[in-house]
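Below you'll find the structure, written out as structure tokens, and then a few comments.
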Protein chains: 2
Amino acid sequence: MVTKAEAADLPENADLRRADSLAREIFSDIANKWALLIIEALGDRTLRFSELRDEVEGISHKMLTQNLRLLERNGLLERTVHPVVPPKVEYTLTEPGRALRVTIDGLCEWTQRHLHEIEASRHRFDT
Amino acid sequence: MVTKAEAADLPENADLRRADSLAREIFSDIANKWALLIIEALGDRTLRFSELRDEVEGISHKMLTQNLRLLERNGLLERTVHPVVPPKVEYTLTEPGRALRVTIDGLCEWTQRHLHEIEASRHRFDT
DNA sequence: CCGCATCCAAGTAGATACTG
DNA sequence: CAGTATCTACTTGGATGCGG
């Protein structure tokens, strides 16, 4: 991830810049509350749409669909449609998805560890 | 981080639910593109406002200010105002901020590692 | 140089209703 | 049950200008 603009705009840098913009795009896709919570909720399990909606507290039908599509498009999860009535669609993390999950676990752990510290800081700031 | 609603709504769970909603709030603050990019850009360094704006490519004046305040409020970075003219304001990560940075590094690494795989998956999906 | 306020355009998310 | 579409309210973010 390149955060600083490169000085020269030589043709040789074209692929570098392309990779960077792609990285940015991916980053934007996954660095969002719902996507992360869905990945966490899924974990190692295989869940149906409605199960996922129950697991991810507060997510709307629409947001769930939208983010599931996004994650599927990026190859983080697999969508399996069972041709039965009523319809049954299951979601499970792919290998890249599970790898990502490990780093998200770290994020959650960090949050838990610093919960009180952050709360205190907020209180200080707000006065 | 609790992703599933607890069944019973007993008074004993009140503090648990409070901690959970706090975690959610913190999660929302941090799981956003600009906040993460700012933390990454800052790294171990101490940067001025204008330096940060140059480092985080594409961020607007407003977004930078907004996210810096947010991060400061949560105690992830420290803001130092030097009383000179013209004003000089420096930002540096605090201990919690540096700890968070480590996990974000993991996220960036993951992105780099799966760049091509994701690109391929996107292409498959879009057809 | 840094920050705040304002305005406005664009994107986002909820509610609802309808289909296979 | 899962997904799509539409409508609307709200939030977001960029641009700009002013002030310390």
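To find a chain, count down the sequence lines: A is the first, B the second, and so on, and within it residues start at 1.
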Establish, with yes or no, whether the OP1 or OP2 oxygen of [N] is under 4.0 angstrom from a side-chain nitrogen or oxygen of [X].
{"X": "A:R48", "N": "D:dC1", "value": "no"}
{"X": "A:S50", "N": "D:dA2", "value": "yes"}
{"X": "A:R79", "N": "D:dG3", "value": "yes"}
{"X": "A:Y91", "N": "D:dC1", "value": "no"}
{"X": "B:S60", "N": "D:dG13", "value": "no"}

Using whole Å, what does the distance between atom [atom2] of nucleotide [N] and atom [atom1] of [X] come to?
{"X": "A:D29", "N": "C:dG11", "atom1": "CG", "atom2": "P", "result": "15 Å"}
{"X": "A:L64", "N": "D:dA2", "atom1": "CG", "atom2": "C1'", "result": "10 Å"}
{"X": "B:L68", "N": "C:dG3", "atom1": "CG", "atom2": "P", "result": "7 Å"}
{"X": "A:M63", "N": "D:dG3", "atom1": "CE", "atom2": "C1'", "result": "14 Å"}
{"X": "B:E72", "N": "C:dG3", "atom1": "CD", "atom2": "C1'", "result": "13 Å"}
{"X": "B:K33", "N": "C:dT12", "atom1": "NZ", "atom2": "P", "result": "11 Å"}
{"X": "B:Q66", "N": "D:dG13", "atom1": "CD", "atom2": "C1'", "result": "8 Å"}
{"X": "A:N67", "N": "C:dG14", "atom1": "CG", "atom2": "P", "result": "10 Å"}

Picking from A:R113, A:H114, A:Q112, what satisfies side chain to side chain contact (heavy atoms under 4.5 Å, CB included) with A:W110?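 Only one option passes, and that is A:H114.
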
Sort out for me which residue in A:T80, A:L64, A:L77 forms a side chain to side chain contact (heavy atoms under 4.5 Å, CB included) with A:Y91.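 Among A:T80, A:L64, A:L77, the one that satisfies the side chain to side chain contact (heavy atoms under 4.5 Å, CB included) with A:Y91 is A:L77.
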
Should A:I104 and A:F27 be counted in the same cluster of Ile, Leu, Val, Met, Phe, Trp and Tyr side chains packed under 4.5 Å apart?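 Same cluster: A:I104 reaches A:F27 through Ile, Leu, Val, Met, Phe, Trp or Tyr contacts under 4.5 Å.
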
Return whichever of B:P87 or B:K62 has its heavy-atom-nearest nucleotide of DNA chain D closer to the 5' end.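 Here B:K62 is the residue nearer the 5' end.
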
Which is more 5' along DNA chain D, the nucleotide nearest B:I59 or the one nearest A:R53? Just name the residue.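 Closest to the 5' end, via its nearest nucleotide, is A:R53.
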
With heavy-atom distances below 4.5 Å as the criterion, would you say the side chains of B:L52 and B:L42 are in contact?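 In contact.
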
Heavy-atom donor-acceptor pair, B:H61 side-chain to D:dG14 base, under 3.5 Å: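 No such pair is found, so the answer is no.
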
Using a cut-off of 4.0 Å on non-hydrogen atoms, how would the nucleic acid contact of B:R69 be classed: base, sugar-phosphate, or nothing?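 Sugar-phosphate, no base atom in range.
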
Check B:R122 with B:E119, please: is the shortest side-chain N to carboxylate O separation under 4.0 Å?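 No.
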
